[in-house]
Amino acid sequence: MIKVLFVCLGNICRSPMAEFIFKDMVDKKGISQKFYIDSAATSNYNEIEKAGIYGDAKKMLKEMKIPFTEHISRQIRKDDYDKFDYILGMEEKNLANILRIVGDDKDNKVFRLLDFTDKPRDIADPWYSGDFHSTYYDIVYGCEKFLEYIDNKSN
Ligand code: 4NP
C-alpha cells in the first residue's frame, strides 16, 4: 500500500482537491486498492473551526465530476511522517512548514507536487487568487506526473 498525504496551508482548498482528484484518478485506473490517500493543513485554524472543503473548491470538483466525501480540515502531525510514504506540499512555503512540524525529512518523503513535472513551481493559493480553474488543472497535472513517477519506480 502506498500512503500519500497532500498538504496545503488550510486543508480546505488545494489539498482536499488534490486528495479527491488523486483518489478519482487511481480509481479510474483500477488501482485504488494500492493506495491510502489523505490530506492535511500546515496551519491549525481550520481544524479549530472544524471547517469543511471551501465552497468554490467543492463547486470546482462538482464541475469536473470528481466525487468527494465529507472532509474536515486537520493539521499535519509529527506521527504522519511515519504513517505516510509521500507527503506532497502545494508550494515551497508548505514544505518549510511541514518540516517544522515533522522534523527532518530523513527518508526523503516530502516533495512539492509540481516538482514531479517539467515545470516545477508552486500551486497558487486559490483562497487568495480566486482562480480555482488554474488550481484544478495544476493539481491534475501534478497528480498525473506523480503517478508516472510511482509507476516508473515500481517497474
Ligand atoms: P488552502 O487555502 O491552503 O489551499 O486550503 C487556504 C484556505 C484557508 C486559508 C488559507 C489558505 N485561511 O487563511 O483560512
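Just follow the structure's listing: the first ligand is 1, and inside any ligand the first atom is 1.
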Could you tell me which residues satisfy ring pair (Phe, Tyr, Trp, His ring centres under 6.0 Å) with Tyr141, sequence neighbours excluded, listed by chain and number? none

Going by the rule ring pair (Phe, Tyr, Trp, His ring centres under 6.0 Å), which residues pair with Phe116 if we only count those two or more places apart in sequence or in a different chain? Phe111, Phe146, Tyr149

Could you check whether atom CD of Glu63 has more than 12 heavy atoms from other residues, nucleotides or ligands sitting under 6.0 Å from it? yes

With a 4.0 angstrom cut-off on heavy atoms, strictly below it, pick out the residues next to ligand 1 and order them by chain and number. Cys8, Leu9, Gly10, Asn11, Ile12, Cys13, Arg14, Tyr45, Asn46, Asp125, Trp127, Tyr128

Lys/Arg N to Asp/Glu carboxylate O, Arg77 vs Asp82, below 4.0 Å: no

According to salt bridge (Lys or Arg N to Asp or Glu O under 4.0 Å), who are the partners of Lys109, at least two apart in sequence or on a separate chain? none

The single option from His71, Glu47, Glu19 passing side chain to side chain donor-acceptor pair (under 3.5 Å) against Asn11: His71

